[in-house]
Amino acid sequence: MINRMTTLMTSAALLALATGAGADTWRYAHEEAATEVQGVFAQKFKEEIEANSDHTVQLFPFGTLGESADIMEQAQAGILQFVNQSPGFTGALIPEAQVFFVPYLLPQDETQLQNFFRNSKAINELFPPLYAEQGLELLTMYPEGEVCMTTKEEVRSPEDLEGVKFRVMTNPLLVESYNAFGATPTPLPWGEVYGAMQTGIIQGQENPRFFLDSTKMYEVTDYITCIGHNNFTTALMANKQFYDGLGEEDQQLIQNATDAAFEYILGYQEELGKESFDNIKAAKPDITINILSEEERAPFMATSGPVEDAYIEMTGDTGKEILDQMKADLEEAKSADQ
Ligand code: 6CS
């Protein structure tokens, strides 16, 4: 009898493992506060998973488990099932993901940008095997808004960045990019940026508009300068061993929750960029916000060729294939009418 019970239980446990059945708690860490874009995305993902299954998603916002590098290690080790991380911090792991830091590659036009992220073959087909090599299942990439610089002094041209210690994410291509812009790039993890700016260790940094507002970066800088050079990209990944071990139903559940969160976050951000600048102006009336003209942008734009060359030097044929595919995807995004 006991033997038969044991056999039955073992079969049930095996079946649960094979089909992914049974209620689990999945741990999900991201790099922002719960109310910021990655946090809102994560909350939507959690709601979708919990509304459509017995699983629970436990969210870990920025700071609860360490810096970006820490949460990536935890996700690779399987301590976390999900991690949201910008390619800005994935540069050493997946050098090709640095393509998102070639200046002026992504369009400023919101519809084109959204078309690109929805349909990109580079994102959907070429990147997943590279993430898989690092033990990660790439679930999606999504934009977080136009990146602008905040500095202590006014920036109207690359000459104004001369001698400016400018914080960048820990990413070799961003270092190249800010070198090409004329600054002295200083890679730092996010947790050190406000303090470094306050004490004058650095005199500039860049981030998407909403983040300049939500993190109160304007308190420690006096000029915001937008040159249209980039849109902040981020990525949601799962630990690959965990993901591969799930049944089809749970994998589909995760894909559906990812798609729902992706669509939600695009809509959520539509007004966010403008609102953020209004909030900043209200909080600090004497801040200067400069949106540089086409003419003023030209010398910054001229750096994109050399930075592209540096990217290809760093990543070889795989990187070139991705860059070429991205350019083709971006062309297509121009004509798609979604
Ligand atoms: O600059 C950074 O490090 C941070 N920026 C954003 C928009 N999200 C997370 C990241 O850590």
Short side-chain donor-acceptor distance under 3.5 Å, Gln38 and Glu144: yes
Thr215 and Tyr194: CA distance, side-chain angles, deciding distance, side-chain contact (heavy atoms from CB on, under 4.5 Å) verdict: CA-CA 8 Å; Thr215 62; Tyr194 189 99; 6.0 Å; no
Residues Gln252 and Asp250: side-chain donor-acceptor under 3.5 angstrom: no
Stacked cation flag Lys284 on Tyr218, 6.0 angstrom / 45 deg: no
Donor-acceptor contact present, side-chain Lys152 to main-chain Gln203, <3.5 Å: no
Sequence-distant partners of Phe116, ring pair (Phe, Tyr, Trp, His ring centres under 6.0 Å), two or more places apart: none
Exam field: side chain Asp24 to backbone Trp26, donor-acceptor pair closer than 3.5 Å: no
Option from Glu31, Gln85, Met141 for which side chain to side chain contact (heavy atoms under 4.5 Å, CB included) with Thr234 holds: Glu31
Tyr243 OH: over 12 foreign heavy atoms closer than 6.0 Å: yes
Salt bridge (charged side-chain N to carboxylate O under 4.0 Å, His left out) between Glu331 and Lys334, intermediate numbers included: CA-CA 5 Å; Glu331 269 311 304; Lys334 270 189 201 165; 3.1 Å; yes
Test item: Tyr311 side-chain N/O and Glu96 main-chain N/O as donor-acceptor pair under 3.5 Å: yes
Arg167 with Glu192: basic N within carboxylate O range, under 4.0 Å: no
Worked check of ring-ring contact (aromatic ring centres under 6.0 Å, His included) between Phe166 and Phe181: CA-CA 10 Å; Phe166 200 100; Phe181 280 173; 8.4 Å; no
Whether Phe242 and Phe82 hold their rings parallel, tilted or perpendicular, with breakpoints at 30° and 60°: perpendicular
Ring geometry between Phe41 and Tyr142 (parallel below 30°, tilted from 30 to 60°, perpendicular above 60°): parallel
Donor-acceptor under 3.5 Å (Tyr223 side chain, Thr150 main chain): no
Same apolar cluster: Leu246 and Ile79, side chain cutoff 4.5 Å: no
Whether Glu36 side chain and Ala33 backbone form a donor-acceptor pair below 3.5 Å: yes
Option among Thr225, Thr288, Asn290 that satisfies the side chain to side chain donor-acceptor pair (under 3.5 Å) test with Glu154: Asn290
